[in-house]
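Letters A, B, ... mirror the listed sequences (proteins, then strands); counts begin at 1. Just so you know, these numbers use all the heavy atoms, side chains as well, and skip hydrogens, waters and symmetry mates.
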Amino acid sequence: MPMEKTFNPAEAEARISKLWLEAKVGAAGANARPGAEAFSIMIPPPNVTGSLHMGHAFNNTLQDILIRWHRMQGHDTLWQPGTDHAGIATQMVTEREMAKAGNITRREMGREAFTLKVWEQKKKSRGTIIGQLQRLGASCDWDREAFTMSGAPGAPAGEEGNFHDAVIKVFVDMYNKGLIYRGKRLVNWDPHFETAISDLEVENIEVKGHMWHFKYRLAGGETYEYVEKDAEGNVTFRETRDYISIATTRPETMLGDGAVAVHPSDERYAPIVGKMVHLPLCDRLIPIITDEYPDPTFGSGAVKITGAHDFNDYQVAKRAGLPMYRLMDTQGKMRADGAPYEVAVARAREIAAGSPTDENEVDSLNLVPEKYRGLDRFEARKLVVADINAAGLAVTVMVSEIDPETHSEHLRLVPVVEDKPIMQPHGDRSKVVIEPMLTDQWFVDTAKIVEPALEAVRSGRTKIMPESGEKTYFHWLENIEPWCISRQLWWGHQIPVWYGPKLVDGQLVLSETTSFCAADQIAAQSDALDYYPCDAYLVADREAYAKAIAELPAKMAAGETWSVPIYRDPDVLDTWFSSGLWPIGTLGWPEQTPELQRYFPTSVLVTGFDIIFFWVARMMMMQLAVVDDIPFHTVYLHGLVRDAKGKKMSKSLGNVVDPLEVIDEYGADALRFANAAMASLGGVLKFDPQRIAGYRNFGTKLWNACRFAEMNGVWEGHSTQAQAPKATATANRWIIGETARAASEVQQALTEFRFDFAADTLYKFVWGKVCDWYVEFAKPLFDSPDAAETRATMAWVLDQSMILLHPFMPFLTEDLWGQTGTRAKLLVHTDWPTLGDLADAAADQEMAFVTGLIEEIRSARAQVHVPAGLKIDLVAISLSPEARAAWERNEALIRRLARIEGFSEGAAPKGAITLGAPGATFAIPLAGLIDIAEEKARLKKSLDKLGKEIGGLKGRLNNPNFAVSAPEEVVEEAKSNLAAREDEAAKLEAAMTRLAEIG
RNA sequence: GGGCGGUUAGCUCAGCGGUAGAGCACUACGUUGACAUCGUAGUGGCCACUGGUUCGAUCCCAGUACCGCCCACCA
């Protein structure tokens, strides 16, 4: 059956995809030579939140190119696929879907039932993602598909695996090594999801804010002289004050202030340091303290200190030993729990006066006055400002106003409220304002594990490219902060820690807790049994635990038999804690599997620039901490895919491009080739559909070259040949050399991860060399004695084209492969060529003469408007022996491609166009056809260009310093260049003279 | 505020010491034993600016301007 006129992606992709899947072409080790080196890539696992976007298509195209390239080279390859449970994001998507469907909420449903819902979401999204990857042509080992929560308790059937075991084991090991700790710290709190998040999950966004100025009055009605001086020490302002002025952008937090801080060197406030001020609206006194933190030149120089709601204040409060009163609940509302305000504030006064307390009591005290309790933090802000203004405690300024009715001017005091852009932290998922919140959380002590991760890159054991990524990596790791890994979510790996009452000197202390970190509940209970002098039993949660503990003393007193309750930490781990283990976890660790031995450390990680801290740095730290080895040898970082104008693709802008739609319209190969061509190092990747269309056309071009070959019997009896055929015809020798050159350039480019160079090389070779020239050369050769050799050459050249293009355009090339000759193997498993240098200098030179001459003739014809269909004559004015030989061997070709009728040798006729070629001068007699003026213009243009070049070369050669300083070969090159240009110019001058004779 | 990158043809980008490149777009013409998803020929650049190094700079160095991205606690 003859070939179709064009490649049909829709039909072929489905057919070939099925073929590959059934043959398991991507299985680990498929097509590996015995004893072959390993090459492995772990897919960056997509989140099971939905479907893949263009960034994924780009990222996975590059990985597939690498994997296919290595697999064809006979290496032992593994491309490990899988997905990420993506805790917060997937929980969010599931809740949103539930809300859309009008179902009950997560809390109404309960943890266990909700988790099952998320597993359903996972299943759905996973199916979409795998389908998309397969449509893109990704040749992963699909039988090894992994999931970051496989094997977790409560996982439905079909979700077996041991990733969960690996995660838990790492946690337990790190806990035992003291690399993980729990503590009450100020963390970024997301009031929407009601969970802590890490620093990296916070986006600072500039918003319009305000700065308010409040007066905190000195206790006991005291006053002081407030004096401002200029740089020379001259007094510029002086007044008697009974207050200190503070500024804030977050007035509602003043309810939790523990002090006012001033810089120790700030003379303005020296008289009142150590004194107490009234905290407005709160019936509390707080001290004026000194700390290095306040900047005396900013605002009033005095800062209110709210240790529980600001990261700077937290540090100051810790240094000064101030109590940190938490004001808000998990939803960012002003607290409404605990004792009435009067009771709480009375206790706070006692504590301020020196009454002993502890962290837990301070946290339990609700110092929010009754009228603000339960208000949203932004509502509370408005009310606090209004109340302060009403109390006359706002710093004010005198303004003059014109009464609109009486037109009389009068002065009025108004509170100072500055409009001020402020950087406000937002949750990267929830988009709500993040609240610094004092809570108990788990942390990885990153300082203890960061050094090997830095060293591995410094020493080059792991290479990050481009180099700028390396700098970013160092900068972040050198300034690493503790990593908060606990999340108050339901979807994720539950922290393997159980709590029970503490034993001090053999005595149970019910008010305190101790922890048991163990791989599972049975192990935890066993640890508890070893620890307690009695039995221990598991209770459902913290509330049940508190109830059981409360009942214990009575039981003990009554002499009943009793045992202690323990409960499990309800929190789950940050998603990145588990994705941080992706390289070893997917290979079966902690089991010492053959795959782990074979494919770890992995060869390359291909991922986006944006994820270097979240994932790359953490994988480095975690793998080195857990198995004491680097996770990958090379990290290839790429930019983010944007729309054609460089705008970020977002649903709200409506410029999101779905990769499946692109594949439907242009085919997967066109998208893939465009991705490769765009993959220059660094920068933004602009997605332009026109470019995709261009590469679709490129595929058609190759297709039609193969179709042309088919029409000429090239494929009859053809079977795959690794070695180039022996050829005598110049064109055949030339294209064989060009093919080998392209192959080695592609090899070099891919070795250096220059996908763009590789794509460019292939495009230019297939279109510019094979289709533009070789196919044309072959036409006359098919009618010559060299026909058989030409068929063999063309078959070989096109085979090589398919092989070299296969990693980039797998569907089209596999389809062609199957339609063209007898194939021992699928193309996906065909040997990658190692051709060496097959260039034939003589053939190259001769073909350069031929193509040059043809282009000259065509150009001349077009410029003097010779009708395209008209055949013309050619006269050789002079021919060197080499040029004569080249002419004679290629006459048929040149005649055909340049539309030449008669050929003669002799003197240049009058009224002719003159053309130069290496070692030869030709003329086209066009009496009657030629437009003298136009031809003169053409010659003049050429002469002008030559003149410029000759001028430049002469200038250089006449510069005495050039000959002295420049390398000899550069000088020689300039000389021979000059000679060639001058020769050419002389020919054109002669032509000009002849032209002048007739016109 | 700190760090990193960019500025080359109308657009998107390569190049990076020795005569400026590609694709797309544009213009003209379409004859050829595959291809109109095509062919042939063309138009189009003070390589951001200012200095320096060099025989020679788009390329190296310094500075300036503008544009990105990342990080950052000025209340």
Practice prompt. Determine, for nucleotides 37-47 of chain B in 5'-to-3' order, which nucleotides have protein heavy atoms under 4.0 Å from the base (write B), from only the sugar-phosphate (write S), or from neither (write -).
Written response: BSSSSSS----
Worksheet item: What interatomic distance, in whole Å, is found between C1' of B:C4 and the corresponding atom of B:U40?
Response: 47 Å
Worksheet item: Between the main-chain N or O of A:Thr306 and the side-chain N or O of A:Asp313, is there a donor-acceptor pair closer than 3.5 Å?
Response: yes
Fill in: Selection from B:C55, B:A22, B:G23 that lies nearest to any side-chain heavy atom of A:Lys764
B:A22
Item to complete: Taking the six-membered ring for Trp and the full ring for Phe, Tyr or His, determine whether the centres of A:Tyr666 and A:Tyr695 are under 6.0 Å apart.
Response: no
Discussion item. Of the options B:C4, B:A14, B:C55, whose atoms approach the side-chain atoms of A:Ala966 most closely?
Written reply: B:C55
Worksheet entry | Nucleotide-resolved protein contact map, nucleotides 69-75 of chain B, B/S/- at heavy-atom distance under 4.0 Å | -S-BBBB
Practice prompt. Apply the test side chain to side chain donor-acceptor pair (under 3.5 Å) to residues A:Asn959 and A:Arg956: give CA-CA distance (whole Å), side-chain angles for both, the deciding distance (0.1 Å), then the verdict.
Written response: CA-CA 5 Å; A:Asn959 181 342; A:Arg956 254 202 280 166; over 6 Å; no
Discussion item. Strictly distance-based, threshold 3.5 Å: is any side-chain N or O of A:Asp786 a donor or acceptor partner for the main-chain N or O of A:Phe782?
Written reply: no
Worksheet item: Is A:Glu435 salt-bridged to A:Arg250, going by a charged N under 4.0 Å from an acidic O?
Response: yes
Worksheet item: Looking for any heavy atom pair under 4.0 Å, which part of the strands does A:Lys779 touch: base, sugar-phosphate only, or nothing?
Response: base
Discussion item. Just to be sure I understand the geometry, which residues of residues 706-715 of chain A put a non-hydrogen atom under 4.0 Å away from RNA chain B?
Written reply: A:Arg707, A:Phe708, A:Met711
Practice prompt. Have a look at A:Arg896 and say if it touches a base, only the backbone sugar-phosphate, or nothing, with a 4.0 Å heavy-atom cut-off.
Written response: base
Response to the item:
Atom CG of A:Leu640 and atom C1' of B:G5 are separated, to the nearest Å, by 14 Å
Please set out all donor-acceptor pairs under 3.5 angstrom arising from side-chain atoms of residues 772-780 of chain A, sequence neighbours excluded.
unit_1: A:Tyr774; atom_1: OH; unit_2: A:Asn732; atom_2: OD1; d: 2.5
unit_1: A:Glu776; atom_1: OE1; unit_2: A:Lys779; atom_2: NZ; d: 3.2
unit_1: A:Glu776; atom_1: OE2; unit_2: A:Lys779; atom_2: NZ; d: 3.2

Item to complete: Indicate, yes or no, whether a donor-acceptor pair under 3.5 Å links the base of B:U31 to the side chain of A:Arg899.
Response: yes
Fill in: For RNA chain B, stems built from three or more consecutive Watson-Crick or G-U wobble pairs below 3.5 Å
B:1-7 with B:65-71, B:10-13 with B:21-24, B:26-30 with B:38-42, B:48-52 with B:60-64
Fill in: Atom CD of A:Glu478: over 12 foreign heavy atoms under 6.0 Å
yes
Discussion item. Taking side chain to side chain donor-acceptor pair (under 3.5 Å) as the definition, give me every residue that meets it alongside A:His213, ordered by chain and number, with sequence neighbours left out.
Written reply: A:Glu418
Worksheet entry | Step-by-step side chain to side chain donor-acceptor pair (under 3.5 Å) determination, A:His718 to A:Asp799 | CA-CA 10 Å; A:His718 172 67; A:Asp799 271 7; 2.7 Å; yes
Discussion item. Under 4.0 Å, heavy atoms only, any strand: does A:Gln690 hit a base, just the sugar-phosphate, or nothing?
Written reply: sugar-phosphate
Worksheet item: Can you tell me how far C1' in B:G51 sits from the matching atom in B:G10, rounded to whole Å?
Response: 32 Å
Discussion item. Just verifying a value: how many Å separate A:His638 NE2 and A:Phe755 CZ, rounded to the nearest 0.5 Å?
Written reply: 10.0 Å
Worksheet item: At under 4.0 Å between heavy atoms, what does A:Pro967 touch on the DNA or RNA strands: base, sugar-phosphate, or nothing?
Response: base
